[in-house]
Amino acid sequence: MKVKEYIQWLLPSRKWRVLAIIITGVIVGGGALFLYMLRAHTYLADDPSACVNCHIMGPYYATWFHSSHSRNATCNDCHVPHENPVKKWVFKGMDGMRHVAVFLTRGEKDVLRANKESAEVIMNNCIRCHTLLNTEFVNTGRIDYMMSQVGEGKACWDCHRDVPHGGSNSAASTPDALVPYPDSPTPEWLRKMIE
């Protein structure tokens, strides 16, 4: 069956074709609006202020900003893999979709903790940046996250608990944190109409 015959079989009349175009337009337009409201385009770069598109990330941004890591590391330097670009973008996309799902289902906790996959990425990045320190200056040797899980060493944060986000992080622990929250994506005319 040729493509033209398939389309005629699927959409036999002009009315069906027009309806299909309208439905497709609504789905594509709604999807584009959804991505715009999520400010999805900001996640394509490494700017840490993109993380505070979600207000729950404000305390984490504020504590990172006031840490020594803010001078040399962005959020992505610690929280996404750096082995190759494909792994980085697949992980970033999957983790981002998980964050959206948790937020939309109201499943976020007061204090966020890294899941197993994220913890492994974070520790691998600690090792990547601090290899010289671990192997030559302190001589702790090279361990990885999986070794720490089976008791063959400690995870980096077992000793460095407050790096780089300080102690516990929640909206209550950093109530006056000044972070660069993004402007509302809602158009001015719609805000006035709502008020």
Return yes when atom CZ of Phe91 has more than 12 non-hydrogen atoms of other residues, nucleotides or ligands closer than 6.0 Å, and no otherwise.
yes

With sequence neighbours excluded, what pairs up with Ser67 under the side-chain hydrogen bond (donor to acceptor under 3.5 Å, both in side chains) test?
none

Heavy-atom check, side chain of Met57 versus side chain of Leu112, under 4.5 Å
yes

Check whether any side-chain heavy atom of Met123 lies under 4.5 Å from a side-chain heavy atom of Ile127, and answer yes or no.
yes

Value for CZ (Arg128) from NE2 (His82), rounded to nearest 0.5 Å, stands at 4.0 Å

What class does the angle between the rings of Tyr61 and Trp64 fall in, given that below 30° is parallel, 30 to 60° is tilted and above 60° is perpendicular?
tilted

What side-chain hydrogen bond (donor to acceptor under 3.5 Å, both in side chains) pairs are there with at least one residue in residues 71-80, not counting sequence neighbours?
Asp46-Asn76, Thr74-Asp77

Which heavy atom in Ala155 sits nearest to a heavy atom in Ser148, and how many Å separate them?
N-CB, 3.5 Å

d(Glu152 CD, Met146 CE) to nearest 0.5 Å is 11.0 Å

If you link I, L, V, M, F, W and Y whenever their side-chain heavy atoms are under 4.5 Å apart, who else ends up in the same group as Val150?
none

Can you confirm whether Lys87 sits close enough to Pro81 that some side-chain heavy atom of one is under 4.5 Å from a side-chain heavy atom of the other?
yes

What are the two closest heavy atoms between Cys126 and Cys156, and how far apart are they?
CB-SG, 3.6 Å

Taking only residues two or more places apart in sequence, or in another chain, which ones meet His66 in a side-chain hydrogen bond (donor to acceptor under 3.5 Å, both in side chains)?
none

Contacts of Ser70 meeting side-chain hydrogen bond (donor to acceptor under 3.5 Å, both in side chains) (sequence neighbours excluded), chain-then-number -> none

Please list, one pair per line, the donor and acceptor atoms closer than 3.5 Å that link side chains of residues 99-106 to other protein atoms, with sequence neighbours excluded.
| unit_1 | atom_1 | unit_2 | atom_2 | d |
| --- | --- | --- | --- | --- |
| Thr105 | OG1 | Ala101 | O | 2.8 |
| Thr105 | OG1 | Val102 | O | 3.2 |

Can you list the other members of the hydrophobic cluster that holds Trp89, where links are side-chain heavy atoms under 4.5 angstrom apart?
Leu44

Under the salt bridge (Lys or Arg N to Asp or Glu O under 4.0 Å) definition, can you give me all pairs with a residue in residues 185-195, not counting sequence neighbours?
Glu188-Arg191

If Ile, Leu, Val, Met, Phe, Trp and Tyr residues are connected whenever their side-chain heavy atoms lie under 4.5 Å apart, and connections chain through other members, are Leu19 and Val26 in the same group?
no

With a cutoff of under 4.5 Å between side-chain heavy atoms, which Ile, Leu, Val, Met, Phe, Trp and Tyr residues group with Met94?
Val86, Val90

Side-chain donor or acceptor of His165 paired with backbone N/O of Thr63 under 3.5 Å:
no

Run the side-chain hydrogen bond (donor to acceptor under 3.5 Å, both in side chains) test against Ser118 and tell me which residues pass, sequence neighbours left out.
Asn115

Heavy atoms, side chains only, cut-off 4.5 Å: are Val163 and Trp157 in contact?
no

Please give the remaining members of the hydrophobic cluster of Leu35, linking ILVMFWY side chains under 4.5 Å, ordered by chain and number.
none

Mind jotting down which residue pairs meet the side-chain hydrogen bond (donor to acceptor under 3.5 Å, both in side chains) criterion with at least one end in residues 28-42? Sequence neighbours excluded, please.
Arg39-Asn53, Thr42-Asn53

